[in-house]
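Structure, as structure tokens:
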Amino acid sequence: MILVTGGAGFIGANFILQWTAQSDEPIVNLDKLSYAGNLNNLLALEGDARHHFVHGDIADRGLLSALLASHRPRAVLHFAAESHVDRSIHGPGAFIDTNVNGTFALLETVLAHWSALPSPEQAAFRFLHVSTDEVFGSLVAGEAPFTERSAYAPNSPYSASKAAADHLVRAFGRTYGLPVLTVHSANNYGPMQFPEKLIPLFIANARGGMPLPLYGDGLQVRDWLHVIDHCAALRRVLEDGRPGEAYNIGGGNEHSNLEVAEALCTVLDELAPKEEGSYRSLIAFVADRPGHDRRYAIDAGKMRRELGWSPSRTFAGGIRDTVRWYLGNTAWVETVRSGAYRHWIERQYGPRSSGAAA
Ligand SMILES: NC(=O)c1ccc[n+]([C@@H]2O[C@H](COP(=O)([O-])OP(=O)(O)OC[C@H]3O[C@@H](n4cnc5c(N)ncnc54)[C@H](O)[C@@H]3O)[C@@H](O)[C@H]2O)c1
């Protein structure tokens, strides 16, 4: 049994689907279903006894203690977070609540549980913290990619909150001996990503004939990692990662936002052509994001050398598959954009519990 936090979100849900496709080991999925949590992502597992969904907050120590005591997971994989940089600029409080205080509550509760385990279970236990390359700040063109030894220099409230969580995780490993693992991953893309993020946003806007808003000059560079490759890397780290270590996970695909927009338009022009002209005519430059990092790049050599992992997807193939997925799953996109995906919470807890929709 493993316990996953934030498993109704983009990466967590992909991880659970990949896990259940490859293993019979059950999963407890603790997710508070923020605006980014969507149980439609896990519809394929309805009625599957291997997936046990629990609606709750990582900061709820009582709930978490009870889950740990009754399920006795051999590992906790911590995905739950507020994850959107733009939202962190407009409202950083929620990022401190979940990413910092929530992670702290989770660590304390897991530590109390772990400390009482018999030695063999203690030795086998893992706490895997899913972090980001954004904690390392921004690179200039030509500068060497981030390694696990790069200095922390977070620039947004989001990356600062993830950096704080990373430090707490590390400290719980060093101080109390909790067997922690941290991964820093590049920008993920793929199926079921909330359409506030660049790739699903641009696909949805393009299909709706709306502008594709690029910040500044559009030349900010990101390393793009297909979510399926990220999930495979997480499995490798869980299996053979050394407690106390950090691992960088990258796709080896550095592209500017403008290049990504153009690649999406090229695939859309082919798979779902507009009546007239190219989708490229929708690309629009807008005022830059404050504190916008110029470039992220990951050196994933440690993953390759120590764990034999490397990404399986090329950017061209991954983008093509991703566009195909969004074109083939318009109902999913519609329920997210309309807010209908939140009906599960309303059904369970009444209309006022639903909070803000997309
Ligand atoms: N998406 C990326 O490109 C990327 C890259 C690197 C690292 N990460 C990290 O990976 C993790 C998952 O990212 P994602 O893109 O899937 O995010 P997401 O926003 O799609 O999903 C986050 C999930 O966490 C849940 N959640 C939020 N607050 C919670 C709380 N207090 N208690 C319980 N559940 C809560 C949400 O309901 C949602 O299901 C995050 O920690 C993020 O920082 C993401």
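Both counts, for ligands and for their atoms, begin at 1 and track the order of listing. Here, residue 1 is the first one in the sequence, and each next residue gets the next number.
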Among all the protein's non-hydrogen atoms, which is closest to atom 37 (O) of ligand 1, and how far away is it? D31 OD1, 2.6 Å
In this structure, atom 27 (C) of ligand 1 is nearest to the protein heavy atom A81 O, 3.5 Å
Kindly confirm or rule out an N or O of I58 lying under 3.5 angstrom from an N or O of ligand 1. yes
Could you check, using the six-membered ring where one of them is a Trp, whether Y279 and F202 have ring centers closer than 6.0 angstrom? no
What residue and atom, counting heavy atoms only, is the protein's closest point to atom 34 (N) of ligand 1, and at what distance? K32 N, 3.1 Å
When you look for heavy atoms under 4.0 Å from ligand 1, do you find them on the side chain of N187, its backbone, both, or neither? backbone
Counting heavy atoms under 4.0 Å, the part of K162 that contacts ligand 1 is side chain
Work out whether the distance between some heavy atom of G56 and some atom of ligand 1 is less than 4.0 Å. yes
Are any of the N/O atoms on T132, whether in the backbone or the side chain, positioned under 3.5 angstrom from an N/O atom of ligand 1? no
At the 4.0 Å heavy-atom cut-off, does S185 count as touching ligand 1? yes
How close do E82 and S34 get, counting heavy atoms only, and between which atoms? OE2-CB, 4.2 Å
Suppose we measure from atom 3 (O) of ligand 1 to each protein heavy atom; which comes out shortest, and what is that distance? N188 N, 2.8 Å
What about H78: any of its N or O atoms under 3.5 Å from an N or O on ligand 1? no
Are a donor atom and an acceptor atom from the side chains of R280 and T266 found within less than 3.5 Å of each other? yes
Before you tell me yes or no, could you show the steps for R236 and D240 under salt bridge (Lys or Arg N to Asp or Glu O under 4.0 Å), namely the whole-Å CA-CA distance, both residues' side-chain angles and the distance that decides it to 0.1 Å? CA-CA 6 Å; R236 286 296 301 127; D240 287 323; 2.8 Å; yes
Between Y189 and W224, how do the two ring planes meet: parallel, tilted or perpendicular, split at 30° and 60°? perpendicular
Any idea which protein heavy atom is nearest atom 16 (O) of ligand 1, and the distance to it? I11 N, 2.8 Å
Test log, rule side chain to side chain donor-acceptor pair (under 3.5 Å), inputs D299 and T147: CA-CA 5 Å; D299 176 346; T147 71; over 6 Å; no
Residue A186 vicinity, atoms of ligand 1 by number, heavy atom under 4.0 Å: 5 (C), 6 (C)
Please determine whether salt bridge (Lys or Arg N to Asp or Glu O under 4.0 Å) holds for the pair E143 and R295, giving the CA-CA distance in whole Å, both sets of side-chain angles, and the decisive distance to 0.1 Å. CA-CA 9 Å; E143 200 175 345; R295 173 174 168 245; 5.6 Å; no
Only one of H51, R50, H52 forms a side chain to side chain donor-acceptor pair (under 3.5 Å) with D48, so which one is it? R50
Options A165, S131, S161, ranked by nearest heavy atom to atom 7 (C) of ligand 1, top entry: S131
Give me the residue, atom name and distance of the protein heavy atom closest to atom 28 (N) of ligand 1. T98 CG2, 3.5 Å
So is G7 in contact with ligand 1, going by heavy-atom distances below 4.0 Å? no
Who's the nearest protein heavy-atom neighbour of atom 36 (C) of ligand 1, and how far? S34 OG, 3.2 Å
Enumerate the atoms of ligand 1 whose separation from the nearest heavy atom of L33 is less than 4.0 angstrom. 37 (O)
Verify whether the ring centers belonging to H184 and Y247 lie closer than 6.0 Å. no
Output field: ring centroids Y152/H167 closer than 6.0 Å: yes
One residue to check: A59. Relative to ligand 1, which of side chain, backbone, both or neither has a non-hydrogen atom less than 4.0 Å away? neither
Nearest protein heavy atom to atom 19 (O) of ligand 1, by residue and atom, and its distance? S83 OG, 2.7 Å
So if I apply the side chain to side chain contact (heavy atoms under 4.5 Å, CB included) rule between D133 and each of L225, I298, N248, I249, which one comes out positive? I298
Which residue in the set D321, D229, N253, T322 passes side chain to side chain donor-acceptor pair (under 3.5 Å) when paired with R313? D321
Check each of Y189, F10, F79, Y158 against atom 8 (N) of ligand 1 and report the one with the nearest heavy atom. Y158
Do N41 and W332 meet the criterion of a side-chain donor-acceptor pair at a distance under 3.5 Å? yes
